[in-house]
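Index from 1, following the sequence.
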Amino acid sequence: MYSSVKTALYAVIIAFSSSYITYKLVSKNAEYKSLKDQVPKRKDNVAELIGNTPLVKIQSLSNETGCEIYAKLELANPGGSAKDRVALTVIRHFEETGELVPGRNDVLFEGTSGSTGISFAMLCNALGYTAHICLPDDTSNEKLQLLESYGAEIEKVKPASIVDPNQYVNAARKGALELQNDKSTEYNGVFADQFENDNNWRIHYATTGPEIWEQMNHDIDYFVTGSGTGGTIAGCSRYLKSVSDKIKVFLADPQGSGMFNRVKYGVMYDQVEKEGTRRRHQVDTLIEGIGLNRVTHNFFQGEHCIDDSIRVTDEEALKMARYLSANDGLFVGSSSSINAVAAVRIAQNAKPGSKIVMIACDSGSRHLSKFWKEALKVDKNIQLKDILEQ
């Protein structure tokens, strides 16, 4: 009797153990399949890493304002900024038209204050071209060092208005034309022309905007970003407005730029300038990458979708950059900081719980010698109210 009970008990234990092991294996296998679906697939080259950037909630700003403030981390692109998207689509367009041919020693010329040049330098190396970058000679050292590290041809010019033939954009256009007309070589030169190139806003309409919409589960109240070439705000705003008429789009603009008054009053005019006469810095400003005193083709494509604008001072941007680093571990550049200040200003007048998305354009690592040199002078214990009390 005892023996048969013992045998039966062993059978129950073995059956239970077997079921438990099976359950754990099935469970582990399900977890593996779930993980496998989430892990990014391997890529063939650096160009395939561009896009599908993360979106993260900025906890400190959200907690303080009662709204949900999110950052679209374009700084997570392989070249470190939103400009990777534009650079790739411009190159692909030139390849389709036959103006760029890999391995032919073709040269891509661009006029830029830095980030776009870095994106082009990275992609030209990956895809078989040479990048010739014309930029203002007061561009931050970090951006210059990155361009040099990528092996780009660098041409520094004095800061000047777009009406000046030696302005950096015009210098790039001139260089491309000279190479095109040089009959002694078989390789070609192309001018990327990011400010006027129609591919700029279109890639943000096709990728950045839809990514934000999906990442936010189709629930956004406000979208905010600055304008350099105008491509990001134009493409994203046109897409977001096409899927939801409740979304309000705000332009964040630095001091000295004419875009704020363009949006607010329909006139490209700042207190310190007349249109077309401002040199690069009509007033002292540390901001690079956004702010302009002319309407570009790309900005014009989305201007009708912009509802309002917020002007942000250098002091506010410096304080916000320090605040985000100390409270959220977000180490952002000057244009990203401008966007964050504007996002908080929006939250001050928005309904509690409103969802606000801003673009985190690039990292603070490109601004160490200029913007962050000043930001480090700000007390790391600064409070949000101290940033916005002006």
Side-chain angles (χ1 to χ4, degrees), residues 42-51 77-137 139-158 160 162 165-200 202-203 207 228-229 231 289 297-298 362 366:
R42 63 176 182 240
K43 309 296 183 180
D44 288 333
N45 57 51
V46 71
E48 293 185 4
L49 296 172
I50 295 172
N77 278 302
S81 78
K83 300 300 185 180
D84 284 9
R85 297 180 190 258
V86 179
L88 180 58
T89 194
V90 167
I91 289 175
R92 293 306 190 202
H93 174 79
F94 281 129
E95 289 177 338
E96 290 173 4
T97 61
E99 295 171 85
L100 284 179
V101 178
R104 193 175 63 182
N105 295 320
D106 290 342
V107 182
L108 184 143
F109 291 78
E110 182 59 307
T112 169
S113 60
S115 288
T116 307
I118 293 165
S119 297
F120 274 122
M122 173 190 72
L123 287 168
C124 282
N125 283 352
L127 302 176
Y129 309 107
T130 296
H132 184 107
I133 307 301
C134 300
L135 41 66
D137 60 11
T139 299
S140 68
N141 288 331
E142 292 77 25
K143 291 181 180 179
L144 288 171
Q145 289 168 356
L146 274 169
L147 287 168
E148 290 170 351
S149 297
Y150 275 122
E153 297 176 354
I154 300 173
E155 181 180 345
K156 299 179 184 179
V157 299
K158 293 291 183 183
I162 190 66
N166 295 317
Q167 193 258 6
Y168 62 92
V169 174
N170 297 327
R173 180 185 292 107
K174 179 182 176 182
L177 286 173
E178 288 177 351
L179 185 54
Q180 289 171 13
N181 295 327
D182 186 352
K183 305 304 180 184
S184 66
T185 64
E186 64 175 10
Y187 48 88
N188 191 33
V190 297
F191 174 44
D193 198 13
Q194 60 170 324
F195 291 90
E196 308 301 323
N197 194 314
D198 198 60
N199 290 291
N200 186 338
R202 289 186 181 278
I203 192 61
T207 63
T229 64
H297 167 78
N298 281 284
D362 63 359
R366 294 185 178 177

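Leu177 contributes atom CG, which lies 12.5 Å from atom CG of Asp182 (distance to the nearest 0.5 angstrom). From Phe94, atom CZ reaches atom OH of Tyr129 across 11.0 Å, with rounding to the nearest 0.5 Å. In this structure, the separation between SG on Cys124 and CD on Glu153 is 10.0 Å, given to the nearest 0.5 Å. Separation of atoms CG (Asn77) and CG (Leu49) is listed at 9.0 Å; rounding is to 0.5 Å. Atom OG in Ser115 sits 12.5 Å away from atom CZ in Phe120 (nearest 0.5 Å). Atom CG of residue Leu179 and atom NZ of residue Lys174 lie 14.0 Å apart, to the nearest 0.5 angstrom.
Put simply, the side chain of Arg85 does not reach to within 4.5 Å of the side chain of Ser119, judged on heavy atoms. Counting heavy atoms from C-beta outward, Phe109 and Ile133 have side chains that stay 4.5 Å or more apart. In this structure, Val90 and Ile203 have side chains that are not in contact, with every pair of non-hydrogen atoms separated by 4.5 Å or more. Arg92 has its side chain within reach of Leu127: a pair of non-hydrogen atoms, C-beta onward, lies under 4.5 Å apart. Contact check for Leu144 versus Leu135: side-chain heavy atoms found under the 4.5 Å cut-off. With a 4.5 Å cut-off on side-chain heavy atoms, Phe195 and Asn298 do not count as touching.
Remark: side-chain polar atoms of Asn45 are paired, donor with acceptor, to backbone N or O of Glu48 under 3.5 angstrom. Between the Asn125 side chain and the Tyr150 main chain, a donor and an acceptor come within less than 3.5 Å of each other.
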Evaluate the side-chain hydrogen bond (donor to acceptor under 3.5 Å, both in side chains) criterion for residues Asn199 and Arg202: first the C-alpha distance (whole Å), next the side-chain angles of each, then the deciding distance (0.1 Å), finally the verdict.
CA-CA 5 Å; Asn199 290 291; Arg202 289 186 181 278; over 6 Å; no
Give the C-alpha distance, both sets of side-chain angles, the deciding distance and a yes or no for side-chain hydrogen bond (donor to acceptor under 3.5 Å, both in side chains) between Gln194 and Thr229.
CA-CA 7 Å; Gln194 60 170 324; Thr229 64; 4.8 Å; no
Kindly determine whether Leu146 and Ile118 satisfy side chain to side chain contact (heavy atoms under 4.5 Å, CB included), including the steps that lead there.
CA-CA 7 Å; Leu146 274 169; Ile118 293 165; 3.7 Å; yes
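Glu110 and Tyr168 share no donor-acceptor pair across their side chains, judged by distance under 3.5 Å alone. The closest side-chain donor-acceptor pair between His297 and Glu196, if any, does not fall under 3.5 angstrom.
Minimum heavy-atom separation, Ala152 to Ala121: CB-CB, 4.0 Å. When all heavy atoms of Arg366 and Glu142 are compared, the pair lying nearest together is O-OE1, 3.5 Å. Considering all non-hydrogen atoms of both residues, Asp84 and Met122 come closest at OD2-CE, 3.7 Å. Closest of all the heavy-atom pairs between Leu88 and Ala47 is CD2-O, 3.6 Å. The two residues Val157 and Gln167 make their nearest non-hydrogen contact at CG2-C, 4.4 Å. Minimum heavy-atom separation, Gln180 to Lys183: O-NZ, 4.3 Å.
No option in Lys143, Lys158, Lys156 other than Lys158 meets the salt bridge (charged side-chain N to carboxylate O under 4.0 Å, His left out) test with Asp137. Residue Leu108 forms a side chain to side chain contact (heavy atoms under 4.5 Å, CB included) with just one option from Leu100, Asn188, Thr130, and that option is Leu100.
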